[in-house]
Number of protein chains: 2
Amino acid sequence: MSDAEKTRQNILDVAADEIHQHGYKATSLSVILERCAISKGALYYHFSSKIELGYAVFEEIYVPTFLNTWQPALAQKDPIEGLCEFFTAMCNNMNCSEVVCGCPLNNLCEEMANVDEGFRLRILAMQEKLNQLIVDSLSKIEASLRPELELDQVAYFIVSAFHGSTSLSKSSRNKELFQKVTSELCRYIRSLKK
Amino acid sequence: MSDAEKTRQNILDVAADEIHQHGYKATSLSVILERCAISKGALYYHFSSKIELGYAVFEEIYVPTFLNTWQPALAQKDPIEGLCEFFTAMCNNMNCSEVVCGCPLNNLCEEMANVDEGFRLRILAMQEKLNQLIVDSLSKIEASLRPELELDQVAYFIVSAFHGSTSLSKSSRNKELFQKVTSELCRYIRSLKK
DNA sequence: ATAATAACCAACCGTTTGGTATGTTGCAAG
DNA sequence: CTTGCAACATACCAAACGGTTGGTTATTAT
């Protein structure tokens with residue numbers, strides 16, 4: 001990786017962290033410059049504006065890590081148990097700062113979906129992709145699932161409950177509520193089977 | 001109501017609307033002043049700072065309307081059906097702007113819970129109160145519910161799924177996803193019965 | 001009638017914001 | 001040896017922000 005690529009990647013990483021912690025709007029370019037130890041000219045050489053930097057963080061950092069987080073769980077032979085293990089493991093492995101900061105994608109959705117079309121469409125695409133992944137994985141074991149289920153609806157419900165739990169945790173500053181919700185979420189998911 | 005009280009109430013109403021639309025941080029005092037047709041001196045006569053105005057909006061606008069929204073549903077003889085009707089009605093009655101803006105309390109939770117302790121504690125108290133309301137209402141029909149349920153856990157799960165659905169709707173800009181999630185939420189809630 | 005206070009206004013303050021224009025450095029090709 | 005461009009740095013800008021100040025009405029109590 002060339003020096004320029006390193007600089008660009010460093011900006012992306014730091015920006016991703018800052019946006020995760022403080023949200024997009026509250027993220028200050030000057031803080032990013034300080035942490036990267038570069039000048040404003042350097043940043044504007046690599047990114048044409050703050051919003052373009054935001055889009056790049058979304059596409060090059062958030063989306064890949066998001067998919068890498070969900071994919072393994074859904075790729076299991078039994079996606080039901082895969083999801084349950086995924087939620088349980090996430091609950092166990094999460095440290096305090098992650099609990100407080102929530103899911104980067106969900107945060108951006110809450111903050112930016114209704115004020116910036118560029119973010120909205122990217123988030124929407126991501127949500128639809130995740131939902132399709134869940135639907136596909138559940139379809140593979142459809143024979144063992146209750147026949148009355150609408151998988152599309154079930155998938156959105158799972159994601160909603162999960163993201164809602166990250167929101168709940170922010171105010172309590174601990175894993176307790178997250179634990180409770182994911183626990184009930186697992187009970188729900190398992191109840192999808194016949 | 002005296003003129004001063006009218007002024008104060010007007011500031012609260014306008015601020016509540018602005019915060020709902022753009023979030024707390026992005027809400028500009030100057031916009032509030034314009035919409036109220038008052039000067040900055042007037043605002044700072046009634047509220048000592050922007051954050052105190054935010055707290056007042058939370059306590060005097062958001063909390064009462066929030067409780068007034070949930071209470072009737074939970075006060076029904078059968079809270080299970082009460083909640084289902086509540087969610088369905090909400091889905092039917094919501095206009096586009098409400099879909100896009102989401103739940104004011106959930107928005108504030110996402111935006112402010114991890115950056116301002118004053119907001120965090122107020123939100124936490126509200127969440128615990130709502131959860132207690134749900135637990136109490138479910139307890140009344142506990143005999144008709146599945147015995148293995150942990151009501152505290154169930155209540156937080158319901159709220160999570162609901163708030164998650166408002167988040168989902170923001171990116172799609174329509175009621176479709178909200179409809180799907182609440183539909184599945186109703187199916188889940190009804191499945192709590194024996 | 002007058003004093004006091006509540007309710008409000010206009011102007012201004014320092015700071016921070018995203019963004020830009022110009023200047024400088026190092027390396028690589030000709 | 002020098003020309004040229006990539007990769008930055010420096011210095012600056014206008015706008016917006018929350019907040020403060022000193023002054024001005026309007027209302028009420030005495």
Side-chain angles (χ1 to χ4, degrees), chain A residues 1-61 107-108 111-112 115-120 122, chain B residues 1-58 60 107-108 111-112 115-119:
Chain A
M1 188 155 53
S2 72
D3 281 4
E5 279 169 346
K6 277 183 189 172
T7 302
R8 192 189 128 93
Q9 193 59 43
N10 190 223
I11 295 174
L12 282 176
D13 291 338
V14 169
D17 183 53
E18 286 292 325
I19 294 174
H20 187 200
Q21 283 189 52
H22 310 109
Y24 170 80
K25 293 182 227 166
T27 287
S28 165
L29 295 185
S30 59
V31 171
I32 297 177
L33 302 182
E34 265 184 34
R35 285 186 54 182
C36 292
I38 59 168
S39 69
K40 193 166 277 191
L43 193 151
Y44 273 85
Y45 172 79
H46 289 285
F47 304 96
S48 61
S49 65
K50 186 191 179 186
I51 198 84
E52 287 298 331
L53 171 59
Y55 296 160
V57 166
F58 185 92
E59 290 170 351
E60 300 179 40
I61 308 281
N107 292 353
L108 271 180
E111 182 190 5
M112 300 302 294
V115 292
D116 181 86
E117 196 69 359
F119 268 122
R120 201 199 115 226
R122 284 169 173 83
Chain B
M1 187 154 55
S2 71
D3 283 3
E5 279 169 345
K6 278 184 189 171
T7 302
R8 192 189 129 92
Q9 193 60 43
N10 191 224
I11 295 174
L12 282 177
D13 291 337
V14 169
D17 183 53
E18 287 291 325
I19 293 174
H20 187 200
Q21 282 190 52
H22 311 108
Y24 170 79
K25 293 181 226 167
T27 286
S28 163
L29 294 185
S30 59
V31 172
I32 297 177
L33 303 181
E34 267 183 33
R35 284 185 56 181
C36 291
I38 59 171
S39 70
K40 194 167 277 192
L43 193 151
Y44 273 84
Y45 171 78
H46 289 285
F47 304 96
S48 61
S49 66
K50 186 191 180 185
I51 198 87
E52 287 297 330
L53 170 60
Y55 296 160
V57 166
F58 185 92
E60 300 179 40
N107 291 354
L108 272 180
E111 183 188 5
M112 301 300 295
V115 291
D116 181 85
E117 195 70 358
F119 268 122

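Please read these numbers as outputs of a predicted model, since none were measured by experiment. Proteins get letters first, then strands, A, B, ... in listed order; numbering begins at 1 in each. Only heavy atoms go into these numbers, but all of them, side chains included; no hydrogens, no water, no symmetry mates.
- Residues B:Cys36 and B:Val14 come closest through the heavy atom pair SG-CG2, 3.7 Å.
- Listed candidates were D:dC8, D:dG18, D:dA7. Nearest to the side chain of B:Lys50 is D:dG18.
- Side-chain proximity of A:Leu29 to the nucleotides C:dG19, C:dA11, D:dC8 is greatest for C:dG19.
- In this entry the distance linking CG of A:Asp3 with P of D:dC8 reads 7 Å, nearest Å.
- Between A:Arg120 and A:Glu117, at least one side-chain nitrogen of the basic residue sits less than 4.0 Å from a carboxylate oxygen of the acidic one, meeting the salt-bridge criterion.
- We find that CD1 of A:Ile32 is positioned 17 Å from P of C:dT16, with the value rounded to whole Å.
- Taking atom CG of B:Leu33 as the reference point, atom C1' of D:dG18 lies 11 Å away to the nearest angstrom.
- Distance, B:Lys25 NZ to C:dT16 C1': 15 Å, rounded to whole Å.
- Looking at the side chain of A:Lys40, the nearest of the listed nucleotides D:dG18, D:dA11, C:dT17 is D:dA11.
- Side-chain atoms of A:Ser39 lie closest to D:dA9 of the nucleotides C:dA10, D:dA9, D:dT20.
- Listed pair A:Thr7 / D:dA7 fails the phosphate criterion, with no side-chain N or O lying under 4.0 Å from OP1 or OP2.
- Of all nucleotides listed (C:dC8, C:dG18, D:dC8), C:dC8 comes nearest to the side chain of B:Tyr45.
- Across B:Lys50 and B:Lys25, no two heavy atoms sit closer than the pair NZ-O, 3.2 Å.
- Comparing C:dC8, C:dT17, D:dG18 by their nearest atom to the side chain of B:His46 picks out C:dC8.
- Residue contacts for A:Ser2: at a heavy-atom cut-off of 4.0 Å it reaches no nucleic acid atom on any strand shown.
- Spacing between atom CG of B:Leu53 and atom P of D:dG19 amounts to 10 Å, rounded to whole angstrom units.
- A:Ser30 has a side-chain polar atom (N or O) that falls below the 4.0 Å cut-off from OP1 or OP2 of C:dT17.
- Remark: P of C:dA6 and CD of B:Glu5 are 14 Å apart, rounded to the nearest angstrom.
- Closest to the side chain of A:Ala4, out of C:dG19, D:dG18, D:dC8, is D:dC8.
- With hydrogens and angles disregarded, a donor-acceptor distance shorter than 3.5 Å links the side chain of B:Tyr24 to the backbone of B:Ile51.
- The A:Ser28 side chain lies nearest to C:dT17 when the options are D:dT20, C:dG19, C:dT17.
- Rounded to whole Å, the distance from CZ on B:Phe47 to P on C:dC8 is 11 Å.
- B:Ser48 comes within contact range of no nucleotide atom at all, as no heavy-atom separation falls under 4.0 Å.
- Distance, B:His22 NE2 to D:dC17 P: 12 Å, rounded to whole Å.
- Checked by atom type and distance alone, the side chain of A:Gln21 never pairs as donor or acceptor with a backbone atom of A:Glu18 at under 3.5 Å.
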